[in-house]
Amino acid sequence: MADAAVGKDKCGEQRLVSLPLSRIRVIMKSSPEVSSINQEALVLTAKATELFVQYLATCSYRHGSGKAKKALTYSDLASTAEDSETLQFLADILPKKILASKYLKMLKEKREEEEEENDGEESDIGEVLA
């Protein structure tokens, strides 16, 4: 079982998982609650991760605009994460791309709104004190 999980064995047989188990172990150990990792838990986590990535890619490809080009793009992943109820938790990790100019404009508008709110609050405080 361990040989199949680690990679291709000496005969060249296909392995059980394709993600590098050493990297997954490092990620799992980065959690302060984890003290030791069982080999079986490591393999199951790797397999579950592979299946999740496959599911995400398949959904994104089906609903994305890259079908015509037979390509999966970042925007396909981002829109799937935003639109799908089950993948909504990825919306912050896979935000839709926007131009820097649009982002700067949004920041400017947000600051102006905050300034207007602060000005309104200060006048309310002044009226109460008077």
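Other residues, nucleotides and ligands contribute at most 12 non-hydrogen atoms within 6.0 Å of the NZ atom of K105. Shown here is Y103, whose OH atom has no more than 12 heavy atoms of other residues, nucleotides or ligands within 6.0 Å.
For the atom pair OG (S35) and NZ (K29), the distance works out to 8.5 Å, reported to the nearest 0.5 Å. We find the CD1-OG1 distance between I27 and T49 to be 8.0 Å, quoted to the nearest 0.5 Å. Atom OH in Y74 sits 5.0 Å away from atom CG in L94 (nearest 0.5 Å). Atom CD of E40 sits about 11.5 Å away from atom OG1 of T45, to the nearest 0.5 Å. One finds the SG atom of C59 at 10.5 Å from the CD atom of Q54 (value rounded to the nearest 0.5 Å). Of the inter-residue distances, the one linking I24 atom CD1 with E50 atom CD reads 7.0 Å to the nearest 0.5 angstrom.
By the rule that hydrophobic residues join a cluster once side-chain heavy atoms approach within less than 4.5 Å of another member, I93 and Y55 end up as members of one cluster. The cluster map of Ile, Leu, Val, Met, Phe, Trp and Tyr, joined by side-chain heavy atoms under 4.5 Å apart, puts L51 and L16 in different clusters. Linking Ile, Leu, Val, Met, Phe, Trp and Tyr whenever their side-chain heavy atoms come within less than 4.5 Å puts F89 and L77 in one cluster.
Between I37 and M28, the closest heavy-atom pair is CD1-CB, 3.5 Å. Closest of all the heavy-atom pairs between A46 and L19 is O-CD1, 3.8 Å. The shortest heavy-atom contact between A78 and P95 is CB-O, 3.8 Å.
For the pair H63/S79, no side-chain contact is recorded, criterion being any heavy-atom separation below 4.5 Å from C-beta on. In this structure, Q39 and L21 have side chains that are in contact, with non-hydrogen atoms separated by less than 4.5 Å.
Put simply, the residue from K110, E114, K108 that forms a side-chain contact (heavy atoms from CB on, under 4.5 Å) with E112 is K108.
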